[in-house]
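Since the structure comes first, as structure tokens, the remarks are kept for the end.
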Protein chains: 2
Amino acid sequence: MQSSRLDWDDVRVALAVARHGTLAGAARALGVNHATVMRRVGRIEAAAGLALFDRTARGYALAPGRRRVLAAMEDMERASEGLIRALANARAPMAGTVHVTSTDTLCLTVLPGVAAEIAGAAEGVKIDIKAENRHADLARLDADVAVRPAASLPEGLVGTRAARMGFAVYASPEAPAHWLGLSGALSRARPAAWLAEAIPPAQIAASADSFLVLREMAAAGQGRAILPAILGEADPRLRRLDGAMPPLATEIWVATHRDLAGVPRIRLVRDMIAESLGRRAAQLLGPAAANAP
Amino acid sequence: MQSSRLDWDDVRVALAVARHGTLAGAARALGVNHATVMRRVGRIEAAAGLALFDRTARGYALAPGRRRVLAAMEDMERASEGLIRALANARAPMAGTVHVTSTDTLCLTVLPGVAAEIAGAAEGVKIDIKAENRHADLARLDADVAVRPAASLPEGLVGTRAARMGFAVYASPEAPAHWLGLSGALSRARPAAWLAEAIPPAQIAASADSFLVLREMAAAGQGRAILPAILGEADPRLRRLDGAMPPLATEIWVATHRDLAGVPRIRLVRDMIAESLGRRAAQLLGPAAANAP
DNA sequence: GAAGGTCTGTGCAAAAATGCAATCATCGCG
DNA sequence: CGCGATGATTGCATTTTTGCACAGACCTTC
């Protein structure tokens, strides 16, 4: 093709180099010779009229000031993944409903956006979201896909850690001194363990088994609530109290029953949810819990 | 590279074939031989495991049921354009503020989204939006970029027709019989001309010089208002009255003063606004005005 | 400080992609 | 119905790309 125009496929190798930091590593990942990778990086830089990498004897490092360029290349990668999904769907059209269960927090924040993405990618696949704060249904699994903050994955389920949910303490600006407790299903969550240790029961004014309810209680000035960052940060009525609790976070698992993992449409939905959550990782983790356990 | 994996650059040629409908036409557009185009289409179909085109002796037609695939390929193209912009910006970093003027309707609907896109693409470029319903400032141009519904472009400005703004009649469900008029700067708009012809002045209950004000008046049940589809469709308080007015639409121009058209950051903003408006063309035109003059 | 490993960079031969030109099919038009 | 135009397809020569092998640089480890 023409020498001056940007070869889209070169973007893929530039991305691999940016990720691995070396020509050799990128070459292994791509399954080609490292000389090829070097020449194609040289070609894309020539086409771009600009150096993308700093070359050292130890590897290729992304040149300073190229973050936006890298982000644009990642956009292309995402688009290519969307194309691959569209092709898979055209090859073997999927249809049917996939039942997704998650906590009420996630069902009201990120999952609707994911559902819209899926509707755009696979014509016949509908997703049905069921908010369910109990953990028990993970084993019974009357849903096809479960999206759950949890320390580990129960036996019989397969899935991935897609992101981490960060927690922080939030309260209305009047800043009451007492706390709001976590009851019911929430009492197994990681923040509940800290609360039980650090805060004497006398300081707990009220409690609830839903972060959404806790958020409203906190906004009404009833106390300090431990909330997922994604809930607390978005609420203008609340302020984050940074020193009140050490950074805390939990893995978010996206899982299906082992027997269902092979069903194409279920697999598609699981993968898209995991990918979409990964894209929102920073938002889910929040500013306070960057280095939490 | 590997034969089974999707070559991103092949997506570009598949897109060209889908657009031109023939191998030869796509080859001309890409500046390569048609034999190359044919072999690369064959390759991407092999990699996809699926035929994308129906081959006839008259050309290549997109196979039925491939609309989603085409849309995904267009997503990739958009991402590649974003990459090219990011590269241009990295090559010659732009900085400074671009002043954009438009009608209050557009300033409140599509332009904020566009501004966010620009902020994501070019680090140092800020955009300042000024709502101004008068047309006079097009000639003086105390802004850098003007986004205006108008029949034609005044002398001294250069730009493109980016989309079309469709109009329809909206009213609250109580459906009053009388109308709301267009005054001030709006009296030059195309819907005003129809209103002056078709509706006797006695039937006009009130008027305003802003579609936003007219929308509120209509929502309050004060009469039937001619509104841009993008305003009327999004408002749950309003219903569209389809037979009340023939389909009507106006070109939306995205323009700069000729002397400023060469300034890189201004050119960038103008092009991104035009592209972004084009992406929202259906939304701007609305369901009623598909075949309006 | 030598040895082993990893990495970049570069000739050279093999493989693949491309351009060219010829052929065949189809459509529109006089 | 023949004629010209447009376009797909295919064989072949050429150009480009890739893989391979090797050299040199740098780091880690013993």
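These numbers were taken from a predicted model, which means no experiment stands behind them. Proteins come first, then strands; the chains are lettered A, B, ... in the order of their sequence lines, and each starts at number 1.
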Respond yes when some side-chain nitrogen or oxygen of [X] is under 4.0 Å from OP1 or OP2 of [N], and no when none is.
X: Tyr60(A); N: dT6(C); answer: no
X: Arg39(B); N: dA16(C); answer: no
X: Arg40(B); N: dT18(C); answer: yes
X: Thr36(B); N: dA17(C); answer: no

Return yes when atom CZ of Arg280(A) has more than 12 non-hydrogen atoms of other residues, nucleotides or ligands closer than 6.0 Å, and no otherwise.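 Atom CZ in Arg280(A) is packed in, count exceeds 12.
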Is a salt bridge present between [X] and [Y], judged by a nitrogen-to-oxygen distance below 4.0 Å?
X: Arg40(B); Y: Asp9(B); value: yes
X: Arg279(B); Y: Glu117(B); value: yes
X: Arg55(A); Y: Glu45(A); value: yes
X: Arg19(B); Y: Glu77(B); value: yes

Rounded to whole angstrom units, what separation is found between the [atom1] atom of [X] and the [atom2] atom of [N]?
X: Met38(A); N: dG9(C); atom1: CE; atom2: P; value: 6 Å
X: His20(A); N: dT6(C); atom1: NE2; atom2: P; value: 15 Å
X: Asn33(B); N: dT15(D); atom1: CG; atom2: C1'; value: 13 Å
X: Leu23(A); N: dA25(D); atom1: CG; atom2: P; value: 18 Å
X: Asp9(B); N: dT18(C); atom1: CG; atom2: C1'; value: 14 Å
X: Leu30(A); N: dG19(D); atom1: CG; atom2: C1'; value: 15 Å
X: Phe53(A); N: dC7(C); atom1: CZ; atom2: C1'; value: 16 Å
X: Asp7(B); N: dA16(C); atom1: CG; atom2: P; value: 15 Å

Among the nucleotides [options], which one has an atom lying closest to any side-chain atom of [X]?
X: Thr22(B); options: dA21(D), dG7(D), dC27(D); answer: dG7(D)
X: Arg43(B); options: dT26(C), dC20(D), dA17(C); answer: dA17(C)
X: Arg28(B); options: dT26(C), dG7(D), dC7(C); answer: dG7(D)

Nearest-nucleotide comparison on DNA chain D, the residue closer to the 5′ end among Ala57(A) and Ala35(A):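 Closest to the 5' end, via its nearest nucleotide, is Ala35(A).
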Between the base of dG7(D) and the side chain of His34(B), is there any donor-acceptor pair under 3.5 Å?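 No such pair is found, so the answer is no.
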